[in-house]
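Step one of this worksheet: look at the structure below.
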Amino acid sequence: MILLLRTTVLSAILSATVLTPAVAEEIRTINIVTRPQTSQPSEFQFTQLIAQEWRRLGLDVNVQVMPWEQMIQEIWFSREDWDTTAWQMVGRPERSDPDEIIFNLFHSTTAEQGFNFIGYNNPDYDALVEQQRVTLDPDARRDIVRAAQALLVEDQPNMMLAHPQSTYAYNNTVWDAATVVDQSGIGIRNTWSYLQMEPLGDITDIILNSSDNVTAINPLYISGGTDSWITELVYDRLMRIGPDGLPQAWAAESYEWIDDTTITVTLRDDMMWHDGMPVTPDDVVFSFEAAGSGEAPMYGPFVTGIADMTIDGMDITFTLTEPSAPFLTASLAKINLIPMHIWEPVIAEQLTLETNAESYREDVPIGSGPYRFGSWTLNEEVVLEANAKHWAAPNADRWILRIVPNVEAALGMLRSGEINFLSDFPGDPTVVVAAADENPDLTAVSTVDIGFRYVAFNHRRPPFNDPAFRRALSASVDRRLIVGAAFRGYAVPSNSVVSPALAFWHNETTIEGMEAGVELAQQMLADAGYAVVDGRLNYPDGIAETLGE
Amino acid sequence: MKAITVIGGRLLQTAFVLLAVITILFFMFRLMPGSPLAAYIDPNFTPEQQAELMARFGLDQPLWRQYFIYLGNLLQGDLGESFFYRQPVAERVLALLPNTLILTFSSLILAYVFGVFAGAYLAWKRGSVVEQIGVPLVLTTRAMPEFWLGMLLLAVFSFGMGWFPAGGTRAPGAEYDTMWALYTSADFWWHMTLPVLTLAIYSQGLPLLLMRSNMMDVMREDFVTMARIKGLSTFTVVIRHAARNALLPVMTSFAIAVGYQIQGNVIVETVFSWPGLGRELVRAVQTADYPLAQGAFLMIALVVILMNLVADLLYAALDPRVTHE
Amino acid sequence: MSDALTPVGKSPGRFTRLRRALGSIRLPLHDPLAIIGLAIYAFFIVMAIFAPQIATHDPNEILFTSEFTIAADLRPGVDGYLLGTTTLGRDVFSQIVWGARSALLIGLTAAFMVALIGSVVGVVAGYFGGWVDMILMRLADVAFGIPFLPFVIVLAAFLEPSIWNVVIAMALVLWRDTGRVIRSQTLTLRNRVYVEAARVSGSSDFKIILRHIVPNVLPLSFLYGSIAIGWAILTEASISFLGFGDPDSISWGYMLQDAYASQALSKGSYYWFVPPGILIILIVSAGFFITRGYEQILFPKLDR
């Protein structure tokens with residue numbers, strides 16, 4: 001009796017394991033993370049749209065809303081635990097050189113702790129971006145950068161969405177429209193505008209707004225977008241990114257590449273600190289040393305390539321560890337020139353303390369820039385005054401920044417004249433454009449940004465490690481839908497991390513002729529072996545779901 | 001002697017409440033999700049730097065140790081360092097407190113002055129049409145979301161008519177030598193009008209109804225009837241006898257109202273871009289800057305608790321019939 | 001304050017007790033203001049229950065006018081959208097109708113929690129006195145020392161954004177007023193002759209509380225509960241405005257925040273910004289009107 005029972009049980013088990021065909025398994029619920037609607041209405045909207053489209057492919061998609069600080073915790077610091085997330089790269093003048101983006105986002109060395117948080121690993125790609133870094137001939141370098149973009153289209157490590165158009169406005173009866181500078185990839189809100197804008201009448205102060213507080217005015221601390229507007233005006237740098245997106249000499253009168261790894265920069269001889277002392281090459285060398293001292297951790301990476309600096313008269317010679325094509329942009333146009341007589345004792349003291357130079361606060365920040373520090377009323381206003389002694393002295397008298405967290409109030413202020421330059425409008429761009437249409441005193445300017453929005457895939461978690469799956473998901477949403485529905489038309493579709501605003505580097509084949517649509521995506525999935533069973537998408541045969549809910 | 005025991009007892013109670021609130025606050029913030037290291041994200045943030053940072057802010061210690069360190073620092077007036085601003089919290093919080101207090105007290109004074117007179121008036125007009133419309137109307141003002149009211153006032157009186165500025169405490173670039181010069185300037189008061197009005201409209205309901213009901217109580221009392229019989233005019237009766245007695249509870253409620261009002265300031269501070277403590281608290285919570293959030297919260301709680309103490313003492317002093325638990 | 005006098009020694013049946021308890025609630029039907037309040041509540045209850053039938057669209061659905069164009073910021077009446085659409089392409093009217101559910105859900109749950117916790121604390125503290133009283137009243141003191149809105153903000157950051165944060169915060173903190181007042185009331189009641197008599201005759205504490213204290217305290221609980229409904233809805237609106245609201249549930253507070261974040265006023269979209277505010281005012285005022293009706297019952301010397 002027992003023998004019979006045992007045999008029956010044994011054969012049942014055997015049949016279940018051996019005779020049952022390998023069942024393709026249902027893909028788990030996919031999470032997509034986004035920031036809340038209050039702070040990021042576009043991101044919130046496109047995430048909902050994308051989730052909607054992915055569901056039509058047979059995926060169960062769950063939208064998770066969390067603020068930025070929590071996102072950091074869940075995504076940046078926990079790289080194993082998320083599936084997909086909305087993400088953003090902000091456009092900055094220094095990113096006019098594509099190196100920072102194409103290297104840091106995708107090179108395998110930055111996968112554990114750096115910006116390659118998606119875990120992308122492609123040795124061919126690594127080789128390409130390493131090569132462009134040391135290729136000094138611009139045309140040759142461009143070919144490599146274009147090839148890198150093409151490779152990314154094939155792999156689709158991320159689902160690139162759009163390059164937003166930043167929209168800003170100003171009062172054209174206060175400022176001469178011909179003198180307002182539209183910087184490629186940045187918009188009219190830039191240092192060149194603040195220097196060159198000419199007043200037409202009695203009002204000679206630039207009054208602009210920011211929706212976020214000013215955190216710090218510290219040349220050794222990258223403390224936020226708004227803060228950088230101020231440091232760019234109060235401090236000089238050896239080079240500056242020009243309105244065309246290319247680096248040009250600024251505090252440097254001229255520069256010359258001696259060989260692949262040596263460059264000599266000649267400092268202008270008419271520069272003075274705001275306290276009256278002259279700017280010397282010793283100050284310049286000190287500025288770079290301070291950045292690399294360890295007391296300014298955010299600036300450290302920009303000077304690691306410098307092996308040595310020597311001074312001869314007004315010449316400073318930099319010797320690099322290896323050839324670096326982006327050196328001018330990434331380093332010389334980035335490091336603020338700071339007075340040694342003020343900062344040397346500060347750095348020395350910070351070396352002995354637990355804190356670093358980011359905690360140091362000057363009562364009156366002393367720089368050498370075209371504007372000097374005037375006053376700072378906490379959470380309300382920062383006033384800068386024109387530095388008449390500067391060689392590029394501004395045409396305006398003062399630069400007054402108002403902190404206005406209420407976005408509608410900012411627009412109201414532009415209309416009423418409380419501000420005359422709308423430099424921050426994180427809301428619906430159609431409102432600004434409509435305001436300018438209705439009121440001939442106002443001019444609105446929209447510029448395609450260097451920055452971009454995308455949905456990141458986590459390559460550490462299947463099925464996102466399968467390029468075919470990624471390509472299909474990416475192809476399921478027409479980018480024009482995203483542009484229309486999430487950006488009210490104020491964006492351009494994107495399939496590359498190099499924006500069309502960087503005309504020299506952008507590979508237009510990435511986006512031209514890009515096909516998208518749910519039917520196309522469904523076909524791509526079917527071709528790759530993914531089948532829809534009972535309305536749910538399943539892995540190809542032989543692959544099972546290994547990650548739980 | 002008895003007064004001292006009463007005051008002493010109240011002070012002890014207040015200290016206990018303060019300690020309890022500090023403790024609750026501390027543990028809530030430490031257990032919040034969201035990484036404080038978010039402030040430090042940049043291209044090459046190494047594990048060594050992370051560890052250094054955690055040590056510097058004491059985040060690598062066990063929770064209990066962190067708590068006692070915090071208490072110790074608190075007693076010395078050290079509220080820690082803000083993650084984002086890299087500056088001492090106490091400094092920031094104290095710099096922003098006056099702006100919030102001014103808003104609170106100005107709006108409450110306005111609300112209470114209006115409320116007292118209007119409440120007395122409605123009590124006098126008892127049973128009339130004025131009262132029948134007035135009371136529901138007052139109740140409705142207390143039912144409005146403050147930011148809704150604020151935004152509408154902003155839209156109508158600032159964007160629409162241009163009578164008032166859209167935000168801030170003063171005109172752009174205006175310079176004042178001292179805080180006193182600022183607070184007494186027409187510029188400041190002009191900027192303060194809309195936010196104060198918004199808060200006052202919302203707050204006047206309480207003193208109004210309280211005054212009205214107290215007045216109606218008092219007016220029914222014997223001595224008022226006696227005064228009437230004696231032939232004194234209604235006006236004299238109302239002002240001399242009734243109003244004075246009805247006023248005392250209203251004054252006590254003022255102290256408590258400060259506590260209630262100040263915590264709601266955050267809304268108005270955001271709508272009118274008023275640089276106060278409430279807005280700072282919200283921003284600090286959003287950015288997981290918990291030393292700053294804790295400091296701001298603590299300051300607000302301190303005002304609330306102090307005001308409760310004042311109200312308690314006032315109440316005890318004014319009404320000897322009250323027994324203490 | 002009228003008492004429900006129970007003769008000592010008699011033990012009424014369950015139904016009688018229930019009827020008596022309900023009877024002590026006594027809807028304030030004599031006051032016109034209170035009747036208006038009740039009518040408003042009835043209206044919203046109907047709106048909430050029949051939301052799926054009344055609403056014209058799914059409140060969360062992103063609507064399109066053509067293939068790549070969403071139905072954004074449409075004026076009322078265009079394309080059949082009764083109150084127009086939001087900037088993100090959703091129907092305003094449907095959101096308003098469904099919002100009634102959130103409002104009532106939050107309001108009633110919060111009111112219930114506040115009334116329940118406050119009453120239990122008040123009765124227990126008032127009846128038993130001694131160190132139980134001391135501990136509970138110290139807890140109330142701490143609750144009084146916590147600024148409410150900042151607390152909800154911190155809680156919302158602490159837990160996930162959800163409509164229940166308001167309820168939890170209110171349950172933790174706002175029982176304080178109810179607690180104190182009901183404690184006073186209990187103290188008064190405890191000293192009544194018939195209660196003394198009941199204790200002397202050997203009735204258990206629990207029975208005494210249930211039979212003598214609770215029915216007399218219930219109207220106060222309802223009074224504070226009615227006020228709490230309004231508080232909950234207003235707080236939820238404030239929290240949503242600051243960005244800590246629940247993005248998954250459509251509430252009037254959420255709608256106001258949405259309108260604000262989309263610069264509705266600058267676009268002249270008053271049809272979007274004004275109605276949710278009006279509805280909040282209506283439902284919160286209704287609570288106050290009913291409360292005033294209760295005041296008449298509890299404090300009848302206040303003649304109109």
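This structure is a prediction, so every number in the text was calculated from the model and none was measured. Lettering follows sequence order; numbering is per chain, from 1.
Only the side chain of A:Thr377 comes within less than 4.5 Å of a heavy atom in chain B; its backbone stays farther off. Using a 4.5 Å cut-off between heavy atoms, A:Ile400 contacts chain B through its side chain alone, with no backbone atom that close. Residue A:Glu418 touches chain B through both its backbone and its side chain, counting heavy-atom pairs closer than 4.5 Å. With a threshold of 4.5 angstrom between heavy atoms, B:Ala155 does not approach chain A through any atom at all. For B:Arg170, the parts lying under 4.5 angstrom from a heavy atom of chain A are both the backbone and the side chain. For B:Phe159, the part lying near chain A is the side chain, with the backbone staying farther off; criterion is any non-hydrogen pair under 4.5 Å. For A:Leu378, the parts lying near chain B are the backbone and the side chain together; criterion is any non-hydrogen pair under 4.5 Å.
Among the residues in residues 294-301 of chain B, none has a non-hydrogen atom closer than 4.5 angstrom to a non-hydrogen atom of chain A.
Nearest approach of A:Asn406 to B:Thr270, heavy atoms of both residues: CB-O, 3.6 Å. When all heavy atoms are compared, the tightest approach of A:Ile403 to B:Ser273 is O-CB, 4.0 Å.
For the set B:Glu269, B:Arg92, B:Met151, B:Glu280, the entry with the most heavy-atom pairs within less than 4.5 Å of chain A is B:Arg92. Most heavy-atom pairs under 4.5 Å with chain B: of the set A:Gly412, A:Pro405, A:Ala410, this distinction falls to A:Pro405. In terms of heavy-atom pairs under 4.5 angstrom with chain B, the leader among A:Glu408, A:Met413, A:Arg402 is A:Arg402. Of the residues considered (A:Asp205, A:Val382, A:Asn218, A:Val404), A:Val404 shows the highest number of contacts with chain B, using heavy-atom pairs under 4.5 Å.
The pair B:Glu175-A:Arg398 meets the salt-bridge criterion, with a side-chain N (NZ, NE, NH1 or NH2) lying under 4.0 Å from an Asp/Glu carboxylate O.
For A:Asn379 and B:Arg283, the side-chain atoms include no donor-acceptor pair closer than 3.5 Å.
Two residues are said to be in side-chain contact when any heavy atoms from C-beta on lie closer than 4.5 Å; B:Gln87 and A:Thr215 fail this criterion.
Under a 3.5 Å cut-off, the side chain of A:Glu380 and the backbone N or O of B:Thr169 do form a donor-acceptor pair.
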